[in-house]
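Each remark here refers to the structure printed beneath this line.
Values below: all heavy atoms of this structure, side chains included; hydrogens, waters and symmetry mates excluded. In what follows, every chain begins at residue 1, and chains take the letters A, B, ... in the order their sequences are listed.
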Number of protein chains: 2
Amino acid sequence: MVEPDGKLKKRTLYSDEIREVIKQAIISEELKPGERVVETRWAKKLGVSQSPVREAIRDLEMMGFIENRPYQGAFVRKMDKKDVIDAYYVREALEMAAMRYAVEVITDDQLEDILNVMEEMKQAVKDGNFELFVEKDSLFHEKIMQVSNNELLIKLWNQCKIREYTSISAWISDLTLETLAERHNSLYLALKTKNKEMAIEAVTEHFEVLIEEMNNIS
Amino acid sequence: MVEPDGKLKKRTLYSDEIREVIKQAIISEELKPGERVVETRWAKKLGVSQSPVREAIRDLEMMGFIENRPYQGAFVRKMDKKDVIDAYYVREALEMAAMRYAVEVITDDQLEDILNVMEEMKQAVKDGNFELFVEKDSLFHEKIMQVSNNELLIKLWNQCKIREYTSISAWISDLTLETLAERHNSLYLALKTKNKEMAIEAVTEHFEVLIEEMNNIS
DNA sequence: GTATTAACGATTATAGATAATTTTGACAAG
DNA sequence: CTTGTCAAAATTATCTATAATCGTTAATAC
């Protein structure tokens, strides 16, 4: 499988890789909301058979990117304002659960790790690097979730986090990134001081603001 | 497709049906935790091809029944005490979110519906019908979730609810079913009086007790 | 003209066969 | 007795082909 020039040449693509390709197509809006995702088309396009494409589509359905109707096909999920707000409510519940537990068990190493991510996030804002900000923001919350050490919690959280991708770019411009970044301070502070009430307050406020801003778009 | 005797004779099984068959095998412990679920075996056993069995297994993985490792196979998930407690914490978070919203929007019809289910649940206890109790208990909570009108919330809740199946039978005998049934009263009352604080209190207590009892087992 | 049905094309879902990967077990070397 | 190598067996992942289903359009009956 290793060619003379040292490059890897794979015989075929795995369903995981196909999933990522289609996912990127959705995120980049190459595939638009409501549009159909035809198994055979993508199979031909990627030079693979129908089976792994089918699996990829099923995975994307579970992740919330796609809606699947029996014998009718798969469609890129349309996400309206309510969907996004609903997702925020769920995320609030899950991150609240994580934080309540995290303040009791977080280690110094984990605290430092999270602080670093927050600094990188602020730097990304200063540099005006939107992509990097989104990545670091996501990582910041992910680190907190991981402290909870609750596999199921993390799994579900990942499923509702996804829904941001397609919407965030639409409204982020109306906010100053700085404000968003600064808001993570209180989350970090609650963890650092191991203050449960502050943690609850911080999460509540974090999402109140996000939901509020989402409501003001229309 | 309809035979002379009037029975339906299907050409083949759909993956959904296969999923249910395997799920039942897991719940009934015909397939034990840790045991392997071999695609080709089940295909032969059910007289279908590998494809729909594979899909069924993937679905069961998403539902938390099965653990899948690439090129190694699928195994019935082992569920230890921590897994069950973790699931309770997540359920608490999700049901809390649902209740907070439900008290504000619940209609009289929905209230009556929930009351009826609660009565049926208590009746099942009186009759000593364990299976029916579990079904009604599940339905009770499901109805509350539905009031929230948050699709994502319901979807995730369904995923963590599943984890009870395999564990509940192991410890339920140590509790009086009556106590369990009675505990739903405060949940209903909070909804009826549309009292947010009472709702929060009720959910918190409900799961505190469940988690406590889970901890007191082995 | 409208409603109902039949046939077609496109696509999904499954079947049957092949390729890729891991696991197992026998055997040899240390 | 342990470790490592190799081939065979078992199983997963994918490929190709076929069957089932849906949506549409055209034809027919009323």
Five pairs at each end of the helix from C:dG1-D:dC30 to C:dG30-D:dC1: take the axis at both ends and give me the angle between them to 10°.
-> 20°

Would you give the length of the straight line joining atom NE2 of B:His184 to atom NZ of B:Lys136, rounded to the nearest 0.5 angstrom?
-> 13.0 Å

B:Tyr101 OH: over 12 foreign heavy atoms closer than 6.0 Å = no

Using a cut-off of 6.0 Å, state whether more than 12 heavy atoms not belonging to A:Lys78 lie near its atom NZ.
-> no

Has the side chain of A:Gln50 got a donor or acceptor that lies under 3.5 Å from a partner of the other kind on the base of C:dA13?
-> yes

Give the rounded distance in Å between these two atoms: CZ of A:Arg69 and P of C:dT12.
-> 12 Å

Would you say B:Ser49 reaches C:dT14's phosphate, i.e. side-chain N/O to OP1/OP2 under 4.0 Å?
-> no

Spacing of A:Ile18 atom CD1 relative to D:dA13 atom C1', expressed in whole Å = 11 Å

Would a 4.5 Å heavy-atom cut-off, applied to side chains only, mark B:Thr107 and B:Gln110 as touching?
-> yes

State whether a side-chain donor-acceptor pair under 3.5 Å links B:Gln159 with A:Gln159.
-> yes

Which listed nucleotide (C:dA15, D:dA13, D:dC15) is nearest to the side chain of A:Tyr14?
-> D:dA13

Checking B:Arg69 against B:Phe75: charged group under 6.0 Å from the ring centre and within 45 degrees of the axis?
-> yes

Which nucleotide, C:dT22, C:dT12, D:dT14, lies nearest any side-chain atom of B:Tyr71?
-> C:dT22

Let me know the distance between NZ of B:Lys45 and P of D:dT11, rounded to the nearest Å.
-> 15 Å

Hey, is the side chain of B:Arg54 poking within less than 4.0 Å of OP1 or OP2 on D:dT12, counting only N and O atoms?
-> no

Among C:dT22, D:dT14, C:dT12, the one nearest A:Val38 by side-chain distance = C:dT12

A:Thr40 side chain, from C-beta outward: closest of C:dT12, D:dT11, D:dT14 | C:dT12

Return the orientation label for the A:His141 and A:His206 ring planes: parallel under 30°, perpendicular over 60°, tilted otherwise.
-> tilted

Which whole-number value in Å describes the distance from A:Glu17 CD to D:dT14 C1'?
-> 13 Å

Expressed in angstrom and rounded to an integer, what is the separation of A:Gln72 atom CD from C:dT12 atom C1'?
-> 10 Å

Rounding to a whole Å, what distance do you find between A:Glu39:CD and D:dT16:P?
-> 16 Å

Take the protein atom CZ of A:Arg19 and the nucleotide atom C1' of D:dA13, then report the distance between them rounded to whole Å.
-> 15 Å

Checking all strands, does A:Arg58 fall into the base, sugar-phosphate, or nothing category for heavy-atom contacts under 4.0 angstrom?
-> nothing

Between C:dT12 (C1') and A:Phe75 (CZ): distance, integer Å | 11 Å

Under 4.0 angstrom, heavy atoms only, what part of the nucleic acid is A:Val53 near: base, sugar-phosphate, or nothing?
-> nothing

Examine the base of C:dA15 for any acceptor or donor lying under 3.5 Å from a partner atom in the side chain of B:Ser51, and report the outcome as yes or no.
-> yes

Heavy atoms of other groups near A:Asp127 CG, more than 12 under 6.0 Å = yes

Give the nucleotide from the list D:dA13, C:dT14, D:dC15 with an atom nearest to the side chain of A:Pro52.
-> D:dC15

